[in-house]
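One structure below.
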Amino acid sequence: MPSQLGTKTARILLALATIQQAVVGAPTGTSSAPIPTSLLGFNPANGVKFEDTDNIQFSLAPAQTQDASIGESLDFNGILNPQPIRGSKGGTDPGPRTEEYDVLNPDKLAPPGTDHGSVDNAEWPLGLSHTKMGLGRAGWSREQNVDNIPAATAMAGVDMRLEAGGYRELHWHTAAEWSYVLNGSVRIQAVDEEGRTFVDDLSAGDVWFFPAGVPHSLQALDGGVEFLLVFDDGSFSEDSTFLATELFARNPKSVLSKNFGGLPLSAWDNIPSGELFIFPGTPAPKDIAEQTVVGSAGILPIEQSYSFHLSKADPTVVTAGGSVKIIDPKSFPIAEKFSAAVVTIKPGALREIHWHTTSDEWNFFISGSARIGIYAAEGNARTFNYHAGDCGYIPKDMSHYVENIGKDDVIFIEVLQADHFSDISVGQWVGLTPPQIIMDTLNLTNSTVSQFKKEKQYVVQG
Ligand code: MN
Ligand code: MN
């Protein structure tokens with residue numbers, strides 16, 4: 001971009017000259033120099049200096065010159081100096097910018113012509129979240145909640161890492177917790193109100209659920225673990241959990257001694273003074289049976305298990321464009337409000353246009369690059385871009401599609417607060433509506449309408 005450099009250099013020199021003039025003209029040796037009134041308003045002596053801001057070099061992605069309503073995805077990789085231009089609209093941007101944002105978010109820089117009006121933000125890259133650091137390099141977490149997606153009132157998410165042997169300390173919270181293991185393996189345990197116990201080992205692709213208030217802990221097995229946590233409260237924060245360490249530190253030692261049947265006060269001499277959150281621990285025994293503790297209420301019955309080995313289940317739907325694996329209370333009853341789909345979309349393929357009738361959707365991108373187009377009624381529509389590690393949020397009833405716009409498979413999770421996973425498929429809806437109504441409404445030909453399908457397609461091949 002040598003010519004651009006030239007323009008920039010000229011601009012800098014111009015700015016320097018202006019500063020110099022101002023400095024020379026101003027009185028020195030005082031911290032409160034009077035502002036020269038000759039700079040106020042119109043003054044023929046202050047004529048503008050013309051700068052050719054149109055003279056910037058750039059190229060356009062092929063889809064930028066199409067009619068904007070075609071709205072194809074734009075690939076700015078290898079495009080010189082991407083510009084906010086789509087069809088006959090937009091214009092060049094000579095100004096301050098960070099090109100990497102534009103390459104990552106082509107539908108923000110040059111939206112499809114079908115975008116219109118305003119739609120609440122539906123996207124948060126966890127790469128922009130503050131990381132909460134664990135102790136002793138045992139791990140970390142970062143979260144998305146209403147602070148970064150204000151519309152996300154029903155659910156919040158956390159990405160957490162535990163290195164081998166690292167604990168997420170014993171804790172509980174006011175929200176219910178649903179989790180999907182992203183990589184590695186983990187031992188999870190809990191005790192419920194009846195005194196029933198639970199312990200299990202999970203690996204990538206498995207799911208757990210802890211009801212609100214039920215205390216639990218997590219420990220990474222050999223090789224460590226990373227998992228996604230989804231809470232049924234958009235204002236959830238990892239900072240506002242109830243912790244075993246704090247409970248013991250915040251009750252008088254005399255009360256602790258009495259509570260545990262007259263133990264000496266010295267029993268509590270070495271308890272932590274505050275939260276451990278994430279900390280290194282003794283590696284979990286290989287044999288899980290060594291950590292099975294059973295009281296008179298026994299272990300949690302299998303039909304109420306807090307874990308589901310989803311990695312071992314086959315996809316619910318396989319299509320030419322990808323697959324969908326559904327997990328909901330029909331197979332995982334304890335998670336009575338969590339219904340989710342793990343969706344794989346091949347390059348160029350599309351998770352078909354649909355909406356959810358009973359719940360907002362919280363989503364998370366495990367791999368690939370995608371865009372989601374949201375139609376929000378009252379003429380409003382907006383397109384958002386997503387990459388691995390990004391969270392998304394789509395309010396109830398707003399239609400959306402998820403299009404793979406990269407070269408790798410997109411894998412993402414749609415999470416609903418619902419007793420089963422469901423959607424209205426636009427393809428199926430119009431396919432099952434009397435053709436005359438569709439033709440009159442959308443001004444379509446009989447030959448177009450006759451090709452509509454009567455079944456959901458879930459993921460349509462590109
Ligand atoms: Mn938890
Ligand atoms: Mn959806």
Side-chain angles (χ1 to χ4, degrees), residues 122 132 139 141 143 154-160 162 167-181 186 188-191 198 208-219 225 227-233 236-244 275-278 306-307 317 322 324 326 328 335 338-343 345 350-365 370-376 384 386 391-403 410 412-418 420-427 456-459:
K132 183 172 163 110
S141 76
E143 68 189 10
M155 285 169 274
V158 171
D159 177 14
M160 187 175 286
L162 301 175
Y167 282 108
R168 169 66 175 96
E169 77 159 284
L170 284 161
H171 69 282
W172 69 102
H173 24 73
T174 55
E177 167 182 317
W178 185 94
S179 177
Y180 182 89
V181 182
V186 64
I188 64 174
Q189 67 80 225
V191 177
F198 168 86
W208 78 70
F209 176 81
F210 293 122
V214 168
H216 51 277
S217 72
L218 318 166
Q219 186 176 24
V225 68
F227 45 86
L228 184 68
L229 302 166
V230 188
F231 298 91
D232 63 353
D233 174 3
F236 178 87
S237 169
E238 273 293 304
D239 291 327
S240 59
T241 58
F242 296 86
L243 303 167
E275 78 160 359
L276 293 177
F277 179 53
I278 289 171
Y306 292 153
S307 61
V317 180
V324 179
I326 289 170
D328 65 18
F338 279 84
S339 294
V342 183
V343 182
I345 309 171
L350 182 82
R351 167 83 172 95
E352 66 174 344
I353 310 171
H354 66 280
W355 68 88
H356 305 283
T357 59
T358 61
S359 171
D360 293 356
E361 170 180 325
W362 184 92
N363 58 40
F364 179 81
F365 285 80
R371 64 174 181 169
I372 295 182
I374 298 174
Y375 160 63
F384 300 87
Y386 300 82
C391 302
Y393 198 85
I394 300 155
K396 184 164 75 103
D397 289 318
M398 293 188 186
S399 84
H400 51 282
Y401 64 82
V402 186
E403 184 177 18
V410 162
F412 84 107
I413 309 186
E414 299 179 39
V415 184
L416 311 179
Q417 291 295 298
H420 67 290
F421 189 87
S422 71
D423 62 22
I424 297 277
S425 147
V426 168
K456 286 183 190 183
Q457 302 299 301
Y458 291 100
V459 185

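Whatever order the structure lists ligands and atoms in, that order sets their numbers, starting from 1.
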- request: Output the atom name for the N/O/S atom of His356 with the smallest distance to the Mn ion (ligand 2).
  value: NE2
Under 3.5 Å donor-acceptor, Ser359 side chain and Gln417 backbone: yes
- prompt: Taking just the N, O or S atoms of His354, which one is nearest to the Mn ion (ligand 2)?
  reply: NE2
- prompt: Have Trp208 and Glu177 got a donor and an acceptor in their side chains that come within less than 3.5 Å?
  reply: yes
- request: Would you check if Ile394 and Phe384 make a side-chain contact, meaning some heavy-atom pair closer than 4.5 Å?
  value: no
Atoms (protein N, O or S; no water) under 2.8 Å from the Mn ion (ligand 1): 4
query: Should Tyr458 and His354 be marked as a ring-ring contact (aromatic ring centres under 6.0 Å, His included) after you check the CA-CA gap, both sets of side-chain angles, and the distance that decides it?
result: CA-CA 9 Å; Tyr458 291 100; His354 66 280; 8.7 Å; no
query: Are any of the side-chain heavy atoms of Arg371 and Tyr401 separated by less than 4.5 Å?
result: yes
- line: The N/O/S atom of Glu414 lying closest to the Mn ion (ligand 2) is OE1
statement: Asp423 meets the salt bridge (charged side-chain N to carboxylate O under 4.0 Å, His left out) criterion, sequence neighbours left out, with Arg351, Lys456
query: Is the Mn ion (ligand 2) less than 2.8 Å from at least one N/O/S atom of Glu361?
result: yes
message: Less than 6.0 angstrom separating the ring centers of His171 and Phe277, yes or no?
response: no
statement: Given the options Trp178, Phe338, Tyr306, Phe210 meets ring-ring contact (aromatic ring centres under 6.0 Å, His included) only with Tyr306
